[in-house]
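Comments concern the structure below.
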Amino acid sequence: QVRLVESGGGSVQAGGSLRLSCAATRITDRSGHCMGWFRQASGKEREGVAAFDSDGSTSYADAVKGRFTISKDDDKNVLYLQMNSLKPEDTAMYYCAAGLGGGGYCREMLGDLFGYWGQGTQVTVSS
């Protein structure tokens, strides 16, 4: 059973930074997985934030390009999301997700095709 555990959320003022972490267990071949970050604000639909495809390429939502960076440490089995220049509209529950293989669904961050999800970590940005 794949398990994903997020951490690093919190409250920060606009313009501040946070780094989210996602510890992944039982993913024995991360090179064959898509790993991504999603978020869901209160009253809104879930949206893809950033993804790391199995071929090493990355994708970002337009709203976070230039501010957020996705990275991973394969030795530690951890996925990261560095969030800089945070805005109040970034306030949401952030989820780590993983899916088999990669390609189109990963680049387009189609959440329904990710098979594994963490429990989420809350990010609150005040103005």
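- Note that the OG atom of Ser127 and the CD atom of Glu89 stand 10.0 Å from one another [nearest 0.5 Å].
- Atoms OG1 and CG, on Thr121 and Leu81 in that order, are 11.0 Å from each other to the nearest 0.5 Å.
- The line from NZ of Lys72 to OG of Ser21 is 15.0 Å long, rounded to the nearest 0.5 Å.
- Side-chain contact between Thr69 and Arg19 is absent, with no heavy-atom pair separated by less than 4.5 Å.
- Considering all non-hydrogen atoms of both residues, Ala92 and Ala41 come closest at CB-N, 3.7 Å.
- Taking Ile, Leu, Val, Met, Phe, Trp and Tyr as hydrophobic and joining them when side-chain heavy atoms fall under 4.5 Å apart, one finds Phe114 in a cluster with Phe38, Met93, Tyr95, Tyr105, Met109, Leu110, Leu113, Trp117.
- Arg67 contributes a side-chain N or O that, together with a main-chain N or O of Ser85, makes up a donor-acceptor pair within less than 3.5 Å.
- Counting only distance, with no hydrogens or angles, the side chain of Thr91 and the backbone of Val125 share a donor-acceptor pair below 3.5 Å.
- Between Arg39 and Asp90 the shortest side-chain heavy-atom distance falls below 4.5 Å.
- Within a 6.0 Å radius of CD in Gln13, other residues, nucleotides and ligands contribute 12 heavy atoms or fewer.
- Between atom CG of residue Leu20 and atom CZ of residue Phe68 there is a gap of 8.0 Å, rounded to the nearest 0.5 Å.
- Two residues are said to be in side-chain contact when any heavy atoms from C-beta on lie closer than 4.5 Å; Met83 and Val64 fail this criterion.
- Put simply, CZ on Phe52 and SG on Cys106 are 10.0 Å apart, with the number rounded to the nearest 0.5 Å.
- The structure places CD of Glu6 at 5.5 Å from SG of Cys22, a figure rounded to the nearest 0.5 Å.
- Looking at Asn84, its side chain never comes within 3.5 Å of a backbone N or O of Ser17 through a donor-acceptor pair.
- Between Leu4 and Gln119 the shortest heavy-atom distance is O-OE1, 3.7 Å.
- At a threshold of 4.0 Å, the pair Asp62-Lys65 counts as salt-bridged, since one of the basic side-chain nitrogens sits closer than that to a carboxylate oxygen.
- A single hydrophobic cluster is seen to contain both Val2 and Leu79, as judged by linkage of ILVMFWY side chains at heavy-atom distances under 4.5 Å, directly or through other members.
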